[in-house]
Amino acid sequence: MASVNSLASTLQQQLADALTAALPDVGTADPLLRRSDRADFQANGILALAKKLKGNPRELASQVTAALPAGELIKDIEVSGPGFLNITLTDKAIIETLAARAADGDRLGVPYDTAAGTTVIDYAQPNVAKEMHVGHLRSAVIGDAMVQILEFTGENVVRRHHIGDWGTQFGMLIQYLIEHPHELDHQGGAEDGEAAMSSLNRLYKASRVLFDSDEEFKARSRDRVVALQAGDAETLAMWQRFVDESKIYFYSVFNKLDMDIRDPDVVGESGYNDMLEDTCRILEETGVAVRSEGALCVFFDDVKGPDGNKVPLIVKKTNGGYGYAATDLSAIRDRVQNLKANTLVYVVDARQSLHFKMVFETARRAGWLNEDVKAHQLAFGTVLGKDGKPFKTREGETVRLVDLLDEAIDRATAVVREKAEKVGLSEQEIVENGEYVGIGAVKYADLSTSAVRDYKFDLDQMVSLNGDTSVYLQYAYARIRSILRKAGDAKPVAHPELELAPAERALGLHLDQFGEVLSEVAAGYEPHKLAAYLYQLASLYTTFYDQCHVLSEDNSAEVVENRLFLCDVTARTLHQGMALLGIRTPERL
């Protein structure tokens, strides 16, 4: 596992050293290096230094240029405008750096931080005894991608699925099940998620009808809530049946989403019951929370209602019941004190931002969050229909997640089937690839949008072979794998001595940025930047493919090998990058 310095970081260091050598009075200075369309890179930092030193920027730029080491990195350096440096790298440096990346297996030279901390990611939070709908999609997809990316960069990640498995509706459900014990029996196998959900739906509707029409049943249901909260053995056993049945359903949906959800990672609201009273006691004793009209509340100067009065975070209600805040604060205590987390990330709808702002501030006042332990809400926007309104069925109902995924798979399978004969795919491959393309399309449409923005769910666009879609990236990968299979005896070999065509240089320079992009994505929790990088990579490869014939008989053996090498590194980068987004790349498509 050998990390490889990018060309940009090597050049940055050389420029910084040259600045220090040419201008010793300045101390450490940033050359402000960036990619440029006039050369490979442009350094703009000399302009600010010249102002500071009251010197001529072009003269300073010439001094810095003279102080740069003669080596194999820089091919050409030009002083332009008011002291900008336009820098072109050698073809040799590009290929040698990529060769070092290629030698590092699946990691491709991306650094692995062995000193990284522990991050708890709270994502994919469905509710027990309720169907998952389109609103559950983004938390699951964004959270899963961030788990993969952070783990790849070295972070110790603890997954947490904070499912809704507690509350007053369980009194109604449990009481109904006690009185109608066969309602959760279903014909499907032990892993049949659809059958499990069908039973839960039927039971929920029947119990709701009875609850609304029968006062005696309503009273028995309320007594059952008390029994549940008191830990009554029979009531808890029935409650566990609901949780287990719901998990069969949850896992079937997550399996369709090609996500790995593990039992120990599912710690719902009930998991913090034993901590609630202690949490409230600590908050009250430390003065963080105060009694107000019988409730235990935390107040904030900057959170006010329309009437101008302060709106509190209610930790414990007037009737003695606990609010969501008590559970969320207990979860923070558990994650910091028991799981030893340095960072808490909550992948939660942006509409809950005020709640989490108040919860985090309360935890800071209590000392559970501090300079060493941070919390961050990775807020996401709403999934919209083509009309730009929240995504609903024609009847105005919330769209079931499983229906949406099935339709995506059906559309994608039709697209794959159109091309199947030309590629020679078997029926099994068509079905498999249809799933990979369909689920990939849904995930990519979500992940290629900045999380906090709303996005339109348009399946026609998502499964299109053109434009910024996962299918475009998957086809780019499959095309490269096809070229590598057709190469026969010719193998991918780096040839640093060769002169590169413009499309080869552009592709090589972009490939070298993979590690830097991942570092930025991990630091800012911004998976859309990885999606954008991969789309640009596929676009640059398409230009390379059009302009630089790989297996042409007109090429020398060395050119063929070098171009196969660029193909190979591109394929491996696409494959790894897509995997980090939770998207599969079929070998043939």
Side-chain angles (χ1 to χ4, degrees), residues 134 137-138 140-142 144-145 148-149 256-259 380-381 383-386 388 391 401 404-420 422-423 425 429-451 453-482 507 510 517 521 526-546 570-571 573-589:
V134 68
L137 178 66
R138 300 205 73 186
V141 170
I142 296 167
D144 187 55
Q148 308 301 330
I149 291 162
K256 197 176 287 264
L257 264 171
D258 201 12
M259 280 175 52
F380 57 81
V383 181
L384 306 175
K386 287 185 188 179
F391 200 21
L401 182 53
L404 183 146
L405 298 178
D406 283 341
E407 188 180 351
I409 291 169
D410 288 346
R411 296 276 191 97
T413 304
V415 170
V416 172
R417 196 176 292 282
E418 277 179 31
K419 304 269 186 181
K422 184 179 175 185
V423 184
L425 297 182
E429 284 177 307
I430 292 170
V431 170
E432 268 186 13
N433 288 355
E435 289 180 5
Y436 297 158
V437 171
I439 297 303
V442 170
K443 288 184 175 182
Y444 187 84
D446 192 320
L447 294 168
S448 60
T449 305
S450 173
R453 289 176 54 200
D454 299 341
Y455 82 96
K456 289 183 183 179
F457 195 93
D458 182 349
L459 274 177
D460 292 328
Q461 174 56 32
M462 287 180 189
V463 299
S464 169
L465 301 178
N466 303 310
D468 189 3
T469 66
S470 68
V471 196
Y472 176 67
L473 302 183
Q474 287 167 322
Y475 265 102
Y477 175 79
R479 175 190 278 170
I480 300 171
R481 297 299 299 159
S482 173
L507 180 62
H510 191 71
V517 168
V521 168
E526 298 173 301
H528 70 279
K529 290 186 175 178
L530 175 56
Y533 168 84
L534 294 172
Y535 174 63
Q536 193 179 354
L537 177 59
S539 301
L540 288 167
Y541 180 78
T542 300
T543 303
F544 160 81
Y545 178 81
D546 290 340
T570 302
T573 305
L574 279 171
H575 175 75
Q576 184 58 266
M578 293 286 269
L580 293 175
L581 295 178
I583 300 171
R584 296 194 187 239
T585 40
E587 294 291 301
R588 302 197 309 154
L589 202 55

Ion pair D460/K386, N-O distance below 4.0 Å = yes
ask   = Roughly how far, to the nearest 0.5 Å, is CD of E432 from CG of L425?
value = 10.5 Å
query = What do the steps show when you test D446 against V442 for side chain to side chain contact (heavy atoms under 4.5 Å, CB included), and what is the final call?
reply = CA-CA 7 Å; D446 192 320; V442 170; 6.0 Å; no
message = Under the criterion side chain to side chain contact (heavy atoms under 4.5 Å, CB included), I'd like the reasoning laid out for I409 against I439: C-alpha separation, chi angles, the key distance, then a yes or no.
response = CA-CA 7 Å; I409 291 169; I439 297 303; 4.0 Å; yes
key: L581 versus P527, closest heavy-atom pair with distance   = CD2-O, 4.1 Å
message = Quick check against the 3.5 Å criterion: does K256 have a side-chain atom that pairs as donor or acceptor with the backbone of L405?
response = no
query = Any chance NE2 of H528 has more than 12 other-residue heavy atoms, nucleotides or ligands included, within less than 6.0 Å?
reply = yes
ask   = Going through the checks in order, is the side chain to side chain contact (heavy atoms under 4.5 Å, CB included) test met by V437 and V415?
value = CA-CA 9 Å; V437 171; V415 170; 5.8 Å; no
CG-CZ distance between L384 and F457, expressed to the nearest 0.5 angstrom = 12.0 Å
key: Main-chain N/O of R588 paired with N433 side-chain donor or acceptor, under 3.5 Å   = yes
key: Whether R411 side chain and G438 backbone form a donor-acceptor pair below 3.5 Å   = no
note = So the side chain to side chain donor-acceptor pair (under 3.5 Å) pairs with at least one residue in residues 530-546 (sequence neighbours excluded) are Y472-T542
inquiry  = Testing the basics here: between A531 and S448, what is the closest heavy-atom pair and its distance to 0.1 Å?
reply    = CB-CA, 3.8 Å
message = Rounded to the nearest 0.5 Å, what separates atom NZ in K443 from atom CG in D258?
response = 5.0 Å
ask   = How close do A412 and G434 get, heavy atom to heavy atom, and via which atoms?
value = CB-O, 3.4 Å
task = For residues L589 and V416, determine if any side-chain heavy atom of one lies less than 4.5 Å from a side-chain heavy atom of the other.
result = yes
inquiry  = So which atom in A408 and which in V463 form the shortest heavy-atom distance, rounded to 0.1 Å?
reply    = O-CG1, 4.4 Å
request  = Could you tell me which non-hydrogen atom of L574 sits nearest to which non-hydrogen atom of L473, and how far apart they are?
outcome  = CD1-O, 4.4 Å
query = So, does S470 use its side chain to make a donor-acceptor pair with the main chain of G440 at under 3.5 Å?
reply = yes
query = How far apart are the closest heavy atoms of I430 and A420, and which atoms are they?
reply = CD1-CB, 3.6 Å
ask   = In Å and rounded to the nearest 0.5 Å, what is the NE2 to CZ distance from H510 to F544?
value = 14.5 Å
query = Just wondering, do F391 and L404 contact through their side chains at under 4.5 Å, heavy atoms?
reply = yes
ask   = Does Q474 reach the main-chain N or O of R584 with its side chain, forming a donor-acceptor pair under 3.5 Å?
value = yes
inquiry  = Quick check for you: to the nearest 0.5 Å, what is the distance between M578 atom CE and Y444 atom OH?
reply    = 7.0 Å
Evaluation steps, side chain to side chain contact (heavy atoms under 4.5 Å, CB included), between I142 and L447 = CA-CA 7 Å; I142 296 167; L447 294 168; 4.1 Å; yes
query = Any donor and acceptor pair, going by atom type alone, linking the side chain of T469 with main-chain N or O of S464 inside 3.5 Å?
reply = yes
task = Can you tell me which residue pairs pass the salt bridge (charged side-chain N to carboxylate O under 4.0 Å, His left out) test with a partner in residues 472-482, sequence neighbours excluded?
result = R481-E587
key: side-chain contact (heavy atoms from CB on, under 4.5 Å) partners for A140, two or more places apart   = A124, F254, L257, M259
message = With rounding to the nearest 0.5 angstrom, report the OG1 to CD distance, T585 to Q576.
response = 9.5 Å
